[in-house]
Structure formats: C-alpha cells, structure tokens
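Numbering starts at 1 and runs along the sequence shown.
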Amino acid sequence: MIPALKCRNLQRVSEDIIRNHCRVKHLRLADNMINRFLIISLCFWGLLSLSGGAETADSPTFTEDIALIVYEHCAPCHRSGMAAPFSLLTYDEVAKRAQQIVDVIVDGYMPPWLPEPGYGEFHGARRLLPETIKRVQRWVEQGTPRGPRSALPTMPDWPRGWQGGEPDLVVSLESEFELAAEGNDIYRNFVLSVPTKVRRYVKTLEFRPENARIVHHALIYVDKTRESRRRDQASVEAGFDGMRVPSSAAMPEGQFLSWQPGALYSPETRGIPWALDPGADLVIQVHMNPSGKIEPFRCSVGLYFTEQAPEATPFKIKLTSLDIDIAPESKDFHVVDEWELPGDVDVTRVLPHAHYLCRRMEGEAVLPDGNRIPLLLIKDWDFNWQGDYIYDPPIFLPKGTVIKMRFIYDNSSANEMNPFGPPQRVLYGPQSTDEMAELWFQLILRNPSDRPQFVRTSVQKARAALQAFGRAGFANETQDPNLMMMTAQAKLAEGNAKAAFELFRKVVQVEPNRFNAWFNIGMILMKVGQIDTALQSFRKVISIDPQDAEAYGAVGVLLARQKKNEQAIPYLREALRLRPNDPVARRTLEGIQAAMKAAPGGTTVE
C-alpha cells in the first residue's frame with residue numbers, strides 16, 4: 001500500500017501551495033493520487049509557451065493582452081470536459097486567480113517543462129520568456145484591468161474531449177475494471193479491438209484514462225494475433241494480470257507508445273508513422289496504484305492516421321542500471337551507464353524515467369574526437385510531469401559516439417518527494433516506492449545495414465545490466481519474489497542454472513501460482529534431461545494459466561520426445577490454437593503426423 005500523505009486535507013493544501021508561493025514538490029507527496037490532482041489544478045500555465053509574444057503595452061489589460069494568452073495556451077485544458085479542475089475562460093475566472101498565477105510562474109514551478117534550455121532543443125518546449133512573466137506581473141500589479149470589451153478576442157472553437165483534436169478512430173475498453181482498495185501496485189493488461197479492414201499508418205495516438213489519478217504509467221503494444229484477446233476473454237474481470245504480455249504483443253519497432261502522468265498531446269506533434277494491420281489488437285498494460293478505496297477504471301485510445309508510409313524504421317536504445325540500492329539519508333546516490341553507437345544515427349526522441357527519489361538527470365554524447373554534445377539535463381526531476389521529448393532538429397551522431405547517462409537520487413529527509421518518512425532503504429523495482437533509472441533514445445540509422453549490429457549491442461547491454469544486478473549484494477539477500485525472479489534470470493545469463501533453479505524454487509514457495517517461475521523450472525529440468533519432472537512443471541503452468549501457449553507446446557514437445565505421440569498431439573494442437581504461428585509446435589506436430597503416416601499400417605492424423 002502507498003504510504004499515507006502527511007499533510008492536511010486536499011483543498012487546504014492546494015490553496016496553501018499557491019498562496020504561500022510553495023512548490024508542490026516541497027510537500028511530502030507519498031500519495032501520488034493527491035499529487036497528480038494538485039499538479040493538474042495548476043496546469044493551465046503549463047501550456048503557456050514561447051508564443052506568448054512580445055510586450056505590446058506598458059499597461060496590459062485582459063481583453064487586449066491576457067485573454068489571447070489564456071485562450072491559446074490555458075483554456076485547452078481549463079474548460080469543460082478537460083483534465084483541469086476549474087475553468088479559465090472569462091475575465092472573472094482569470095482575475096480571481098491572478099496573484100496565484102504570478103506566484104507559480106515566477107517561482108518556476110510553471111510551466112511544467114523539465115528539460116533545461118541549452119541541453120537539447122525540443123519540439124513544443126513550454127518555457128516562459130522573461131518578458132512574458134513581466135507582462136503578467138505588470139497586469140496583476142496594476143490591478144488586473146479588464147480593458148475595453150470590444151477588444152476581447154473571439155474564443156477559439158476547441159476540439160472537444162481530446163487534446164490532439166478529434167481522432168480518426170477511437171477504441172475503448174468495453175467493460176469496467178475495479179482496482180482493489182489495498183495492496184501493492186498491480187499491472188493489468190487490457191485488450192482493445194481495432195476495427196480496421198485495411199492497413200493504416202498511425203501518425204500518433206492519445207491514451208485517455210478515465211481515472212488517471214490511479215495510473216502510474218501505461219505501455220501500449222500491438223498484437224497481430226488473437227493471443228492477448230484469448231487471455232483477456234479467459235479472465236472474469238476486464239483484462240489479465242501481470243507484467244508479462246504474450247510474446248506476440250510488442251510495440252511497433254523503435255516506437256515510444258506510452259503514457260505517463262502529465263502527458264500532453266498536440267496535433268502538431270511530429271512522430272514517425274507506424275503500420276497498423278487489419279485484425280490487430282491494442283494491448284494496454286496499465287501500472288495502477290491502490291488509493292485506499294475501490295477505484296473504477298476505463299480507458300480509450302484515439303488514433304490519428306496519415307496516408308504517408310514511414311520512410312525509415314526507428315531503433316530504440318536504453319541506458320539503465322538495475323543495481324540500485326539507496327541507503328536511508330543518502331543524498332547523492334549516482335547511477336551511470338553508457339552506450340557506444342556501432343553506426344551513424346540521427347537522434348529523434350528521448351524518454352527519461354525514474355520514480356520519486358531521483359532529483360537530477362543528465363544525458364550527453366561524447367563524439368569520437370572527444371567533443372561533447374548535451375542531450376538532456378533535468379535539474380529537478382518530477383515524477384508527475386515525466387514524458388518523452390522530440391529533438392528539433394534531430395541530432396546527428398557518428399559511429400563510435402558514446403552516449404552517457406547520470407542520474408542522482410536523494411533518499412534523505414530533506415527530499416520532500418520522498419515517499420517514506422523516515423527514509424527507508426530503497427531498491428530497484430517496479431513499485432512506485434521502489435526506484436528505477438532509464439534513459440531511452442529513439443534513433444534513425446543512417447545505414448539500415450547497421451541494424452543487426454545495433455540489435456547485438458542492445459542484447460549485450462541488457463545481459464550485462466542483468467548480470468550486474470545478479471552480482472549486487474541486495475539481489476542475493478532479497479526475499480521479494482520479483483527481485484528473486486530477476487536474480488534467477490541473472491544467474492541464467494551467467495550460465496549458473498543450478499543457482500537459478502534454486503531461486504525459482506524459492507519464488508514458487510512464496511507465490512505458488514507464479515507461473516513464469518514454474519515455466520523456468522520446467523525449462524531448466526528439460527535441459528538437464530529430467531523430462532518427467534519438467535512435464536510436471538509445465539502442467540503446473542497450464543493449471544495456473546490455461547491460456548499459456550508456450551506451456552502447451554513444451555508439454556507436447558516433451559511427450560513427442562518420449563514417443564508418446566498420441567498424448568502429444570492434443571497439447572500441440574492447443575498450442576497452435578492459442579498461437580497459430582508457433583513454429584516449434586507446428587514442426588513437432590507435422591513430424592508426428594509424418595511418422596504415423598509412414599509407419600506400417602500407419603494412419604493420417606487430421
């Protein structure tokens with residue numbers, strides 16, 4: 001359960017934040033549900049950007065100066081049906097909050113834009129020019145004059161409901177899911193059918209949760225088979241549990257299809273299109289935080305199409321470390337990583353991710369000649385305004401460039417974002433109160449033939465990060481099933497199957513229905529020739545998850561090895577029903593059929 005918020009009631013806190021010129025981050029925001037509500041309540045200045053314009057008069061008025069800013073940059077959120085909790089359309093509504101507006105923009109809390117200027121130029125940067133702030137200050141200092149009514153600009157005709165305008169297609173969750181009041185964070189996978197009969201190219205999409213305050217983040221996959229849908233239909237409630245989606249579900253190559261708190265969408269957002277084929281489903285993996293009461297959840301995805309096919313397929317790289325063990329009162333815990341490029345690239349996008357203890361994020365490129373190019377600097381990380389950023393223009397980096405990251409964490413009592421009071425030891429993990437360190441980059445390869453080398457480097461990097469985690473002291477001390485699973489995988493990456501087997505066994509002792517642990521036990525037993533006990537493990541997986549195509553396939557293959565063809569056939573058929581493109585199951589079934597047909601007096605198995 002997320003720790004309780006150590007402050008007064010929500011309404012009083014919201015007023016104190018603005019009235020006393022405090023920043024939301026200076027509260028102990030352990031309950032991120034409330035944190036997000038507070039931030040949304042201030043978000044109208046988050047959309048105020050460079051287009052605020054130069055000063056037009058020494059005595060600004062609402063109708064001649066301020067209204068245009070409000071209409072263009074504030075009201076897209078602050079109007080009926082949008083995310084913000086109050087409207088900012090009229091003079092009275094804006095004048096009522098005028099001093100509060102000045103306080104938050106002078107303080108720098110607004111606009112909600114994390115990257116520092118000069119460390120990468122980004123599309124749609126929401127930074128206030130000093131003269132814009134001064135103009136608003138002057139309007140407030142002079143008593144918020146209304147101005148002549150005849151000068152009031154015409155109110156825009158905004159799109160209704162969607163930040164990016166009306167989508168070309170909207171797909172929605174058909175039934176409501178209820179999140180339990182108590183317990184750990186959960187991962188729930190929802191399947192949304194896409195009714196299209198021809199290939200479409202998706203320019204961008206907009207994820208819209210109806211109960212955003214319980215959502216930590218969401219990842220969006222595409223499943224061209226029906227495997228995810230079968231898992232969904234086998235569940236009594238909407239969706240199916242777990243961080244593990246079927247292998248048939250994947251993000252389009254090189255794409256960032258995700259949603260984080262504070263995500264903003266714009267019709268001007270420039271992305272690389274991707275293909276959506278007929279019959280594909282969207283699989284939305286939602287990380288949710290219990291709030292202390294039962295919470296309903298629904299979501300929709302708006303799809304925006306283009307007729308233009310992608311000119312290139314992007315490639316993603318991740319800088320990360322799993323070796324995160326932050327002691328209480330540690331103020332300066334560093335996480336570093338680097339990635340050497342095996343070919344020339346254009347860097348198009350960056351996505352940083354951490355939880356509440358991270359304070360500073362740095363990314364840079366060290367060129368082969370030693371020169372350095374800054375890629376990202378966030379001096380004051382805020383989990384509630386995370387997102388990805390599009391470079392404008394893209395940054396060219398030659399082969400041999402080393403991309404580096406450094407994240408700094410503060411687990412002290414002085415960090416008001418710390419979810420624990422007093423501070424506790426914090427380890428790597430998926431829960432909101434754990435920590436993570438990820439810096440993703442989207443690349444366009446100048447030479448498409450370099451892609452295999454980029455893939456090999458990514459695999460090597462992932463294996464090295466996992467092995468480093470396995471060598472960490474806390475990874476070998478933990479009794480947490482999630483961390484034990486990761487440590488077991490690290491042991492497998494090192495070739496220590498015996499140690500991995502023991503860890504998987506410990507996991508199923510703690511969580512008997514942990515089907516992926518049982519599956520790994522079966523795989524290890526199969527490799528050492530213990531077929532009968534491996535079969536028991538795979539059948540255990542099937543008893544827990546009757547939709548696991550891999551487990552059915554494994555049982556069928558092992559029975560075939562034992563020459564028990566009659567018993568193997570129904571398992572292989574079920575594997576192919578669940579996953580029609582399973583090459584191992586199909587090859588094994590065809591081998592059995594051929595052998596039975598060739599046998600004396602043999603018959604054909606349909």
Tell me the salt bridge (charged side-chain N to carboxylate O under 4.0 Å, His left out) pairs involving residues 444-458, sequence neighbours left out?
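Passing the test, one end in residues 444-458: Glu253-Arg451, Asp346-Arg446.
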
For residues 520-539, which residue pairs qualify under salt bridge (charged side-chain N to carboxylate O under 4.0 Å, His left out), counting only residues two or more places apart or in two chains?
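Non-adjacent pairs meeting salt bridge (charged side-chain N to carboxylate O under 4.0 Å, His left out): zero.
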
Just wondering, do [Y] and [X] contact through their side chains at under 4.5 Å, heavy atoms?
{"X": "Lys404", "Y": "Val366", "answer": "yes"}
{"X": "Tyr409", "Y": "Tyr356", "answer": "no"}
{"X": "Leu525", "Y": "Ser537", "answer": "yes"}
{"X": "Leu192", "Y": "Val301", "answer": "yes"}
{"X": "Tyr552", "Y": "Leu572", "answer": "no"}
{"X": "Ile403", "Y": "Ile317", "answer": "yes"}
{"X": "Phe240", "Y": "Asp545", "answer": "no"}
{"X": "Val402", "Y": "Trp339", "answer": "no"}

Smallest separation among heavy atoms of [X] and [Y], with atom names:
{"X": "Cys299", "Y": "Phe207", "result": "CB-CE1, 3.6 Å"}
{"X": "Tyr391", "Y": "Leu375", "result": "OH-O, 2.7 Å"}
{"X": "Pro290", "Y": "Ala181", "result": "CB-O, 3.4 Å"}
{"X": "Ile272", "Y": "Thr348", "result": "CD1-OG1, 4.5 Å"}
{"X": "Pro195", "Y": "Ser193", "result": "CD-O, 3.5 Å"}
{"X": "Ser432", "Y": "Asn289", "result": "OG-ND2, 2.8 Å"}

Would you list the atom pairs, donor with acceptor, under 3.5 Å between side chains in residues 499-509 and any protein atom, with sequence neighbours excluded?
none

Hey, is the main chain of [Y] close enough, under 3.5 Å, to the side chain of [X] for a donor-acceptor pair?
{"X": "Ser228", "Y": "Val283", "answer": "no"}
{"X": "Lys316", "Y": "Gln255", "answer": "yes"}
{"X": "Trp259", "Y": "Glu206", "answer": "no"}
{"X": "Asp434", "Y": "Gln431", "answer": "yes"}
{"X": "Thr401", "Y": "Leu397", "answer": "no"}
{"X": "Thr306", "Y": "Lys203", "answer": "no"}
{"X": "Arg188", "Y": "Ala238", "answer": "yes"}
{"X": "Glu295", "Y": "Ile214", "answer": "no"}
{"X": "Tyr428", "Y": "Ser321", "answer": "no"}

Classify the side-chain pair [X]/[Y] by whether it contains a donor and acceptor separated by less than 3.5 Å.
{"X": "Thr225", "Y": "Asp223", "answer": "yes"}
{"X": "Glu438", "Y": "Trp440", "answer": "yes"}
{"X": "Asn211", "Y": "Arg213", "answer": "yes"}
{"X": "Ser235", "Y": "Gln233", "answer": "no"}

With sequence neighbours left out, what residues match Asp281 under salt bridge (charged side-chain N to carboxylate O under 4.0 Å, His left out)?
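With neighbours one apart ignored, the set is Arg226, Arg229.
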
Which residues pass the salt bridge (charged side-chain N to carboxylate O under 4.0 Å, His left out) test with Arg561, sequence neighbours left out?
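Testing Arg561 for salt bridge (charged side-chain N to carboxylate O under 4.0 Å, His left out), a comparison that skips the adjacent residues, returns none.
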
Begin with the C-alpha distance, continue with both residues' side-chain angles, and end with the deciding distance and a verdict on side-chain contact (heavy atoms from CB on, under 4.5 Å) for Met486 and Leu322.
CA-CA 10 Å; Met486 290 181 58; Leu322 312 178; 3.7 Å; yes

Evaluation steps, side-chain hydrogen bond (donor to acceptor under 3.5 Å, both in side chains), between Gln260 and Ser258:
CA-CA 7 Å; Gln260 304 84 24; Ser258 63; 2.6 Å; yes

How long is the span from the [atom1] atom in [X] to the [atom2] atom in [Y], to the nearest 0.5 Å?
{"X": "Gln536", "Y": "Lys540", "atom1": "CD", "atom2": "NZ", "answer": "11.0 Å"}
{"X": "Asn513", "Y": "Ile544", "atom1": "CG", "atom2": "CD1", "answer": "4.5 Å"}
{"X": "Lys564", "Y": "Leu535", "atom1": "NZ", "atom2": "CG", "answer": "7.5 Å"}
{"X": "Glu182", "Y": "Ser291", "atom1": "CD", "atom2": "OG", "answer": "8.5 Å"}

Less than 4.0 angstrom from a charged side-chain N to a carboxylate O is my criterion; do Arg577 and Glu574 meet it?
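Yes, charged N to carboxylate O under 4.0 Å.
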
Which residue in the set His353, His217, His355 passes side chain to side chain donor-acceptor pair (under 3.5 Å) when paired with Gln386?
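The residue from His353, His217, His355 that satisfies side chain to side chain donor-acceptor pair (under 3.5 Å) with Gln386 turns out to be His353.
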
Should we say atom NZ of Lys399 is surrounded by more than 12 heavy atoms from elsewhere, each under 6.0 Å from it?
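Open: at most 12 neighbouring heavy atoms sit under 6.0 Å from NZ of Lys399.
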
Quick one: do Ile326 and Arg425 satisfy side-chain contact (heavy atoms from CB on, under 4.5 Å)? Show the steps, please.
CA-CA 6 Å; Ile326 313 176; Arg425 183 187 187 189; over 6 Å; no

Taking it one step at a time, do Val194 and Leu276 satisfy side-chain contact (heavy atoms from CB on, under 4.5 Å)?
CA-CA 9 Å; Val194 183; Leu276 180 64; 3.6 Å; yes

His287 and Asp185: CA distance, side-chain angles, deciding distance, side-chain hydrogen bond (donor to acceptor under 3.5 Å, both in side chains) verdict:
CA-CA 7 Å; His287 177 182; Asp185 297 8; 2.8 Å; yes

For a side-chain contact (heavy atoms from CB on, under 4.5 Å) check, start with the C-alpha distance between Phe454 and Val345, then their side-chain angles and the critical distance, and finish with the verdict.
CA-CA 11 Å; Phe454 275 84; Val345 304; 3.5 Å; yes

Under 6.0 Å between the ring centres of Phe177 and Phe297?
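Aromatic pair excluded; centres sit 6.0 Å or further apart.
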
Report, one line per pair, each donor and acceptor closer than 3.5 Å where one atom sits in a side chain of residues 460-482; sequence neighbours left out.
from: Lys461; atom 1: NZ; to: Asp337; atom 2: OD1; distance (Å): 2.7
from: Lys461; atom 1: NZ; to: Asp337; atom 2: OD2; distance (Å): 3.3
from: Lys461; atom 1: NZ; to: Glu338; atom 2: O; distance (Å): 2.6
from: Gln467; atom 1: NE2; to: Ala493; atom 2: O; distance (Å): 3.0
from: Asn476; atom 1: OD1; to: Lys491; atom 2: NZ; distance (Å): 3.4
from: Asn476; atom 1: ND2; to: Gly470; atom 2: O; distance (Å): 2.9
from: Asn476; atom 1: ND2; to: Ala472; atom 2: O; distance (Å): 3.0
from: Thr478; atom 1: OG1; to: Asp480; atom 2: N; distance (Å): 2.9
from: Asp480; atom 1: OD1; to: Asn482; atom 2: N; distance (Å): 2.8
from: Asp480; atom 1: OD1; to: Leu483; atom 2: N; distance (Å): 3.1
from: Asn482; atom 1: OD1; to: Arg514; atom 2: NH2; distance (Å): 2.8

Please step through ring-ring contact (aromatic ring centres under 6.0 Å, His included) for the pair Phe538 and Phe519, ending with a clear verdict.
CA-CA 6 Å; Phe538 291 129; Phe519 187 89; 5.2 Å; yes

